[in-house]
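Quantities reported herein were computed from a predicted structural model and do not represent experimental measurements. Only heavy atoms go into these numbers, but all of them, side chains included; no hydrogens, no water, no symmetry mates. Residue numbers begin at 1 in each chain, while the letters A, B, ... track the order of the sequences.
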Amino acid sequence: MRIVIKRLHNNQINGHTTTIYLLSPNSYLRSMSKKVRLRFAPSPTGGLHIGGMRTVLFNYLFAKHNKGDFIVRIEDTDQNRFVEGAEAYIFECLKWCGLEPDESVVHGGKYEPYRQSERKEMYKQYAEQLIVDGKAYYAFDTTEELEEKRKTVPNFQYSHASRSEMKNSLTLSDDETKKLLNSDASYVIRIKMPENETISINDMIRGEVSFNTSQVDDKVLLKADGMPTYHLAVVVDDYSMQITHAFRGEEWLPSSPVHILLWQYLFGLENMPQWAHLPLILKPDGKGKLSKRDGDRLGFPVFAMNWTDPKTNELTHGFRERGFLPEAFINFLALLGWNDGTEQEIFSLDELISTFSIERVHKAGAKFDYEKAKWFNHEWIKKSLASWLQPLVKEVLHKATVFVYDEDLLIKVIEMVKDRCVLFTDFVQQSSFFFAAPKEIDISSVKPKWNERKQQFFSELMRDYSLLETWKHDELEKTFTELAAATRMKPGEFLLPFRIMLVGGKFGPHVFNIAELIGKKETINRIKHTLQLL
RNA sequence: GGCCGGUUCGUCUAUCGGCUAGGACAUCUCCCUUUCACGGAGGAAAGACGGGUUCGAUUCCCGUACCGGCUACCA
């Protein structure tokens, strides 16, 4: 496959070369004929927040829409930031959301290994190749020296402007360099950024974005510990894993000229994936990108699932434990910055796969809106079949120590209460009383207006109910209203106390429906019990 | 500070030169409902600012403002 790289102009301006490279539209089309492969590349430094999850989602949707592969590669090149359990947590989140990778550390694949720490050797070769080609150099400056520089020189950058006064293979003689390399002095390999060239990236979301290479510093490619930095590792791995489209957060845009240059030097621009820089998810209140601290501060989850930092023991809340359905979570995330152009808002994963297109991703960052997230969850609970919800509700009730002894009853209950449940955890309050008499009864909402006549009404009600042969809600209501009519008080005067007796508080579905489901014996028992408290 | 990106109701967004600027969440009013919801009807609410281009700009171009990102041997 050959891809035309258009050299737009290459002229001498003040002695400097200005070159603009742009992939032509044809090359874009041609690259589409390859098998589409996308990768999500998290670093295992902690929990996965919704920004990361959305990046996963968009990667996954684009890959599946194009019948391609979705790969998860672990970017663990910073050994100082490694966090125990983070990697397993990431895969657990993906599993919960139903976004299973085709290839990864746990799924295997023909491009193994999928952990960068295990590919350490290959990066070094490429870094050294760059030195041979004059595109990179060894730098021997110590961390302390660099810190000192930054302190004394305002806005210090290790770049074309300053590299000649630093300690590196460009300023040292070959002999000195060799001597240092052979000694135990530590060194890094830095890219030698060209001067005053224009590099353009054709972003699938933003269109053409240009950078002047003079503004970009000589990024470290290979660290003193022999590990590559992100910059070298992405390029090498995206090439060796045959990645065709690379989606990542917008925060990577400024370093993209480094990546493009590396592609040009190492593997050829014609093999470079198509880039898409996704907009960021912002704090709901003020400024900046959403961080895990905002969740605690504002009272909503920020991670997909609960995450406890093994070092600090600090818990960050997750959507799963808060009572979100993965379908709703995914749906919400997808619509944060993307829409299909119609007014449809509720999408299943399959629908998202078939309608997703990266061009329709909004350019601007989006503020996180927890109210809207809850609305999606509510919609999903409402539209779901009771039988499908059943195991999940059972689990949530079980956690609240409510024992479900009758599966058929549970189905009926779910059908009756699901419209009132925004979060999954709402099922506890809305349905516990079907399975056990309420532990606490809100007497205070009844007591102030309680009187002899009411006392008598409920005694008579127990008598009438016990005589009923059919135990159906309409029958129960009829008996109730007829008895109430005889008292010459409004039926409503008795309705609230009745509800309190059956459910313990001012919530739940229609009272007579509740009475029907819990049965004659239990209904009478609960009336009797509450009467004793009054 | 420098570089890059962004800017439509409070929030998420539609609009790819013709707009009485549409939808959703939230909010408000009413109906349904003697709890709370669901449901139904309606209301209020937006093109940052200034210049161009054009018969006509929310839409295209430039500038300003504001917001955000990056500026590590972190990703």
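Side chains of A:Leu172 and A:Asn168 form no contact here, defined as non-hydrogen atoms less than 4.5 Å apart.
Of the candidates A:His245, A:Arg73, A:His259, A:Arg73 is the only one forming a side chain to side chain donor-acceptor pair (under 3.5 Å) with A:Asp238.
Between A:Leu282 and A:Leu496, the residue anchored closer to the 5' end of RNA chain B is A:Leu496, taking for each the nucleotide with the nearest heavy atom.
The side chain of A:Lys289 contributes an N or O atom lying less than 4.0 Å from OP1 or OP2 of B:C70. Close to B:A37, at under 4.0 Å from its OP1 or OP2, lies no side-chain N or O of A:His510. The side chain of A:Arg248 contributes no N or O atom lying less than 4.0 Å from OP1 or OP2 of B:G69. Contact annotation: A:Arg81 does not reach the phosphate of B:A75 (side-chain N/O to OP1 or OP2, under 4.0 Å). Distances shorter than 4.0 Å separate none of the side-chain N or O atoms of A:Thr342 from OP1 or OP2 on B:A14. The shortest distance between the side-chain N/O atoms of A:Asn339 and the OP1/OP2 oxygens of B:U13 is not below 4.0 Å. Taking 4.0 angstrom as the limit, A:Lys382 places none of its side-chain polar atoms (N or O) nearer than this to OP1 or OP2 of B:A37. Between A:Arg150 and B:C73 there is a side-chain N or O to OP1 or OP2 distance below 4.0 Å.
The A:Pro254 side chain lies nearest to B:G69 when the options are B:G69, B:C73, B:G5. With distances taken from any side-chain atom of A:Ala366 to the nucleotides B:A24, B:C38, B:C12, the minimum falls on B:C12. Checked against B:C3, B:G6, B:U11, the side chain of A:Lys363 finds its nearest nucleotide in B:G6.
Distance check on atom P: B:G39 versus B:A75 gives 48 Å, rounded to whole Å. Taking atom P on both B:C3 and B:G22, the two are 40 Å apart, rounded to the nearest angstrom.
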Determine whether A:Lys372 and A:Asp369 satisfy the following criterion, salt bridge (charged side-chain N to carboxylate O under 4.0 Å, His left out), listing intermediate values before the conclusion. CA-CA 6 Å; A:Lys372 186 80 185 225; A:Asp369 182 357; over 6 Å; no
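Annotation: cation-pi pair A:Lys447/A:Trp450 absent, no NZ/CZ under 6.0 Å from the ring centroid and within 45° of its normal.
B:U11 is paired with B:A24 under the Watson-Crick or G-U wobble criterion, all donor-acceptor distances under 3.5 Å.
Between A:Arg420 atom CZ and B:C36 atom P there is a gap of 10 Å when expressed in whole angstrom units.
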